[in-house]
Amino acid sequence: MDLSRALWGNILVKRREKVRMEELISIIIPAYNVEEYIEKCLDSVLKQTYHNIELLVIDDGSWDCTGEICDRYAVQDKRVRIFHVENGGVSRARNTGLTEAHGKYIMFVDSDDFVSDDYVEKSYQTICCENADWGINGYYICYPNQKETNQIEQTYTGVFDLRTFGRAFPWLYQNYFLSALWNKIYRKHLITAEFHTNMALGEDLYFNLEYMENVSRISVGEACCYFYRNDMTRDTLTRRVNRSNLQSELHNFHKVMAWCKRFSLENIAEIQHMHVQSLISMLYAMGKKKEAQNEKRQIITELCSDRGIRSAMKSVKTTSWKSELLRWLLCRGWSGGIYILLEAVRLIG
């Protein structure tokens with residue numbers, strides 16, 4: 001009798017595992033003018049040890065051969081679905097993917113990156129073995145001549161409810177494990193907010209912070225299966241900084257501070273320093289732009305009237321004398337002095 005029960009128990013476990021392994025996972029890949037990288041990306045995703053996947057590739061108005069390459073993959077593999085849309089930015093492309101996805105789980109891959117063969121399987125295990133709502137793992141950073149492992153320290157791995165996650169939140173945030181989409185797996189039915197298409201900077205972080213509102217259990221693992229390509233050829237900070245991006249940084253700052261308050265975190269100086277340093281760098285980058293005079297005045301006025309930012313500015317110190325001077329002026333809300341300083345930066349170069 002005991003042997004029969006044991007055998008029947010093993011059969012039930014295997015059946016449950018088989019059913020689980022048949023759950024569909026949707027992988028959303030926005031693509032824009034990446035003919036140099038898209039084949040390696042798609043090849044790596046299609047070689048997964050977890051087979052029940054669908055790839056939703058959103059060709060965001062590419063004018064190179066990206067769309068043609070993607071179409072070829074769709075013909076060769078029925079798991080690939082291609083959507084050719086007018087160029088509207090990465091957030092709108094991802095929203096298209098979310099609308100069209102059929103999977104129970106959602107994952108994101110950037111079209112110029114690639115993944116290991118067990119990327120999906122390890123992510124699935126992270127979220128499902130612990131019956132979690134969100135799975136987070138490490139990743140590799142690939143520079144032109146070297147690869148850097150960005151693994152989550154064992155101290156901050158494990159399963160957390162939303163209350164205990166506050167113990168891991170500061171370290172994960174400061175080490176950039178919460179900022180990206182591609183080292184995570186999401187339950188589709190818990191995604192209740194789309195990507196903000198008016199945010200051109202930090203939209204991934206904002207999406208994650210909004211998703212956290214809907215989760216109860218978070219599983220953090222040690223696996224590194226994603227290869228993030230950092231080739232140092234993207235637009236410089238000076239070129240892409242504008243009022244909209246500075247406002248996006250402000251939105252993220254307040255969202256992060258709200259979570260710190262919710263977690264009852266007392267030592268948040270390092271998190272504040274990250275945002276203060278980012279805002280100061282962006283202000284100096286904007287200061288170098290000749291055509292941004294009205295934008296400068298508007299964003300300076302907004303920063304000086306933002307009590308949260310001014311409070312954060314008072315609690316941290318910066319490294320260079322220029323940054324410290326700008327921080328000092330912001331603390332006091334002296335918008336005229338800030339504008340003069342930025343103009344001096346522009347003239348001096």
Side-chain angles (χ1 to χ4, degrees), residues 24-46 53-75 77 79-115 119-120 123 139 178-211 226-231 233-235 239-240 242 244-245 247-248 251-252:
L24 180 64
I25 297 177
S26 300
I27 303 171
I28 297 172
I29 307 176
Y32 176 69
N33 290 345
V34 284
E35 61 181 7
E36 183 180 354
Y37 304 111
I38 189 64
E39 290 186 73
K40 184 170 184 176
C41 175
L42 295 179
D43 285 340
S44 70
V45 178
L46 290 171
I53 59 176
E54 64 169 358
L55 275 66
L56 296 94
V57 186
I58 296 83
D59 171 26
D60 188 29
S62 299
W63 44 262
D64 64 359
C65 294
T66 297
E68 297 172 16
I69 295 171
C70 292
D71 286 338
R72 189 172 71 244
Y73 275 83
V75 172
D77 195 313
R79 295 176 298 173
V80 181
R81 298 165 61 199
I82 309 298
F83 301 87
H84 299 283
V85 298
E86 292 184 8
N87 181 251
V90 66
S91 290
R92 187 175 298 176
R94 286 177 178 142
N95 287 338
T96 299
L98 288 174
T99 300
E100 299 291 340
H102 298 149
K104 183 176 181 179
Y105 302 94
I106 299 291
M107 298 180 71
F108 297 93
V109 172
D110 284 356
S111 54
D112 53 349
D113 298 333
F114 57 99
V115 299
Y119 167 65
V120 175
S123 299
Y139 55 94
L178 299 181
S179 303
L181 303 168
W182 28 254
N183 63 325
K184 301 173 180 68
I185 183 169
Y186 307 76
R187 290 187 182 269
K188 186 186 178 185
H189 76 279
L190 294 178
I191 299 176
T192 56
E194 292 187 327
F195 288 90
H196 289 256
T197 56
N198 60 338
M199 292 181 70
L201 191 69
E203 67 278 9
D204 298 356
L205 171 62
Y206 201 88
F207 177 85
N208 287 333
L209 294 175
E210 288 195 317
Y211 182 77
Y226 191 93
F227 296 83
Y228 167 70
R229 192 192 302 272
N230 189 337
D231 58 10
T233 61
R234 293 170 183 170
D235 288 347
R239 288 180 58 190
R240 59 189 174 91
N242 51 39
S244 176
N245 288 352
Q247 288 176 323
S248 296
H251 290 321
N252 279 332

Do Asn33 side-chain atoms and Trp63 backbone N/O form a donor-acceptor pair below 3.5 Å? yes

Nearest 0.5 Å, what's the CG-OH distance between Asp64 and Tyr32? 8.5 Å

Kindly give the heavy-atom pair with the smallest separation between Val109 and Cys41, and that separation in Å. CG1-SG, 3.7 Å

With rounding to the nearest 0.5 angstrom, report the CD1 to CD1 distance, Ile38 to Ile69. 7.5 Å

Across all chains, not counting sequence neighbours, the salt bridge (Lys or Arg N to Asp or Glu O under 4.0 Å) partners of Lys188 are none

CZ of Phe195 to CZ of Phe207: how many Å apart, nearest 0.5 Å? 4.0 Å

Should we count CZ of Arg92 as having more than 12 external heavy atoms under 6.0 Å? no

Distance-only polar pair, side chains of Asp113 and Tyr226, donor-acceptor under 3.5 Å: yes

Should we count CD of Glu36 as having more than 12 external heavy atoms under 6.0 Å? no

Check each of Ile106, Ile191, Leu181, Thr192 against Tyr211 using the side chain to side chain contact (heavy atoms under 4.5 Å, CB included) test, and report the only one that passes. Ile191

Less than 4.5 Å apart, any side-chain heavy atom of Phe108 and any of Lys184? no

Do Asp59 and Cys70 come within less than 4.5 Å of each other through their side chains, counting heavy atoms only? no

Please confirm whether the backbone N or O of Leu178 pairs with a side-chain atom of Asn208, one donor and one acceptor, at under 3.5 Å? yes

Donor-acceptor pair, Ser111 side chain versus Pro30 backbone, under 3.5 Å? yes

N/O donor-acceptor pair under 3.5 Å between Asp60 side chain and Ala31 backbone: no

Do the rings of His196 and Tyr206 sit parallel, tilted or perpendicular, given the 30° and 60° boundaries? perpendicular

Minimum side-chain heavy-atom gap Glu203-Val90 below 4.5 Å: yes

Quick one, Tyr73 and Leu46 - any side-chain contact, counting heavy atoms below 4.5 Å? yes

For Glu194, give me all partners under salt bridge (Lys or Arg N to Asp or Glu O under 4.0 Å), at least two apart in sequence or on another chain. none

If you define the side chain from C-beta out and look only at heavy atoms, does anything of Met107 sit under 4.5 Å from Ile185? yes

State the CG-OG distance between Leu201 and Ser244, to the nearest 0.5 angstrom. 9.0 Å

Arg81 and Glu54: which non-hydrogen atoms are nearest, and at how many Å? NH1-OE1, 3.0 Å

So Ile27 and Val120, do their side chains get closer than 4.5 Å, heavy atoms only? yes

Kindly determine whether Val57 and Leu42 satisfy side chain to side chain contact (heavy atoms under 4.5 Å, CB included), including the steps that lead there. CA-CA 9 Å; Val57 186; Leu42 295 179; 3.9 Å; yes

Can you say whether the rings of Trp182 and Tyr228 are parallel (under 30°), tilted (30 to 60°) or perpendicular (over 60°)? parallel

NE2/His84 to OG1/Thr96 distance, rounded to the nearest 0.5 angstrom? 13.0 Å

Could you tell me the separation between the OH atom of Tyr119 and the CD1 atom of Ile53, rounded to the nearest 0.5 Å? 10.5 Å

Go through it in stages, so that I can follow the logic: the residues are Arg94 and Asp204, the test is salt bridge (Lys or Arg N to Asp or Glu O under 4.0 Å), and I'd like the CA-CA distance, side-chain angles, deciding distance and then a yes or no. CA-CA 10 Å; Arg94 286 177 178 142; Asp204 298 356; 2.9 Å; yes

Output yes when a side-chain donor or acceptor of Ser91 lies under 3.5 Å from a complementary backbone atom of Thr197, and no otherwise. no

Give the minimum heavy-atom separation between Asn183 and Ala180, together with the two atoms involved. OD1-O, 3.6 Å

Report yes or no: does Glu35 contribute a side-chain atom to a donor-acceptor pair with the main-chain N or O of Cys65 at less than 3.5 Å? yes

